[in-house]
Amino acid sequence: MDFAFAPRLATLRTSLIGGGLMSRELIGVFLAGSGGRTKNGDQVGALLRPSGERFRLGAIALALTGLCCSAHAQTQVVIPSGLPVQVVPKYPEVGAPNFSFPSGSSTDVGGTGTTGDTGGSGSTGSGGTTLPANATLTQVAQQDFIQAAAAATGITPEALAATCMAESNCQNVGAASGSSASGEFQMINSTYQAMIDQFAANNPGISVDTSLAGKMDPTNEAYAAAQYLADGVQALQAAGDASPTNVDLRGYYQFGAGLGAQIANAQPNQSLESIVQLTPSQMAANGITASTTVSQWRQTYANKIGAAAYQTAGA
């Protein structure tokens, strides 16, 4: 077999071996199929095939692949000098959501508390949002955590939902400066701890986080708030209010156990300030003034939650 392009032997010696382009072994493999002779008749067997044997075609291909690819191998580890260039992403990672946390806002009614410890809802804060701020009472009452807490304590879901809406528009807001009232139900720490412990004791089959840190979990605080409202229903009934309504229960939740029954049994035109006897700053935090009557306060609550304000709170 002859190669049409094969040069003279003298040229091969100079260009291929002397020039360093290929090794003697590679040349031997490359021209082995010519029978040791170029087209010009030069004898190359002695140079290229020291033993005179012919190579199989598969061996030739393997030798060519191994020799050519190994000719440029790097034998040393290259260590870059200095720190690597920092990659600054230009586009957001696909699938990584952008989180937006709501800020709390003051409401027309304040947080929970006992006499002398009534606090307003937080003006700033952070946390997850369970429902949109404009959710209706029906939407709030249908939430699973509201339904579960109400069923466990014997109050209506509407009573618990109304409290959530009145306190924070059902936003998981943090505490304002000088107050520990926080979460969707704006309970102060002492009240929350007492109520969550009581709820856990009354409902051993329900998993409850009784730590104070659990208050910012809407489900946990719903348990505590529902327990407080259930106690309020019993307290109002004991004080002569046979069928406490949601607005009656609102007075208990907002102003504490000692004043709730008095507000529920007060005359409509009676001054609310004459009952609660709060400081001007406390009254302002709760959205009332010195001239606000019990009837006006009730109407403010009804404006917030609708006709459910006058529905019975006990299930």
Side-chain angles (χ1 to χ4, degrees), residues 104 107 109-122 125-131 140-176 178-238 244 246 248-260 286 313-315:
T107 60
V109 288
T112 61
T114 55
T115 304
D117 194 21
T118 304
S121 34
S126 62
T129 303
T130 300
L131 288 168
V140 177
Q142 290 174 345
Q143 298 304 301
D144 290 343
F145 73 100
I146 296 290
Q147 293 275 335
T153 54
I155 63 172
T156 65
E158 290 74 18
L160 187 56
T163 301
C164 183
M165 293 181 64
E167 288 294 334
S168 67
N169 284 329
C170 292
Q171 305 300 294
N172 204 24
V173 296
S179 173
S180 64
S182 61
E184 293 192 355
F185 294 89
Q186 289 290 290
M187 302 185 77
I188 62 173
N189 288 349
S190 58
T191 302
Y192 171 80
Q193 192 64 68
M195 293 298 103
I196 197 65
D197 288 344
Q198 183 179 339
F199 179 89
N202 292 343
N203 299 276
I206 298 178
S207 177
V208 182
D209 180 1
T210 58
S211 71
L212 192 59
K215 186 172 73 164
M216 291 305 290
D217 180 341
T219 298
N220 277 314
E221 196 174 29
Y223 290 153
Q227 185 63 61
Y228 191 81
L229 292 174
D231 290 354
V233 169
Q234 295 179 3
L236 292 175
Q237 289 174 337
N246 288 330
D248 293 337
L249 201 55
R250 177 61 190 163
Y252 179 93
Y253 192 95
Q254 183 175 358
F255 298 106
L259 299 175
N286 286 274

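The structure displayed is predicted, hence computed values, not measured ones.
Atom CE of M195 and atom OG1 of T210 lie 14.0 Å apart (nearest 0.5 Å). Residue I155 holds its CD1 atom at 4.5 Å from CG of L229, rounded to the nearest 0.5 Å. We find the OG1-CD distance between T163 and E158 to be 11.5 Å, quoted to the nearest 0.5 Å.
Applying the side chain to side chain contact (heavy atoms under 4.5 Å, CB included) criterion to Q193, with sequence neighbours excluded, gives I196, D197, L212.
Heavy-atom minimum distance, A152 versus I206: CB-CD1, 4.0 Å. Closest approach of T153 to A226, counting heavy atoms only: OG1-CB, 3.4 Å. Taking both residues in full, the closest heavy atoms of A225 and M187 are given as N-SD, 3.6 Å, listed atom of the first, atom of the second, then distance. Across all non-hydrogen atoms, the minimal contact from A141 to P157 is O-CB, 3.7 Å. Across E184 and F145, no two heavy atoms sit closer than the pair OE1-CZ, 3.6 Å. What you find for A161 and I146 is that their closest heavy atoms are N-CG2, 4.4 Å.
Proximity of Q186 to V173: side-chain heavy atoms (C-beta onward) are separated by under 4.5 Å at one or more points. Between F185 and L160 there is a side-chain heavy-atom pair separated by less than 4.5 Å.
Judged as a ring pair (Phe, Tyr, Trp, His ring centres under 6.0 Å), the pairs with a partner in residues 188-211 (not counting sequence neighbours) are, in order, F199-Y223.
Proximity of a side-chain donor or acceptor of N169 to a complementary backbone N or O of Q171 within less than 3.5 Å is not detected.
Tested against K215 for a side chain to side chain donor-acceptor pair (under 3.5 Å), the candidates N172, N189, N220 yield a single pass: N189.
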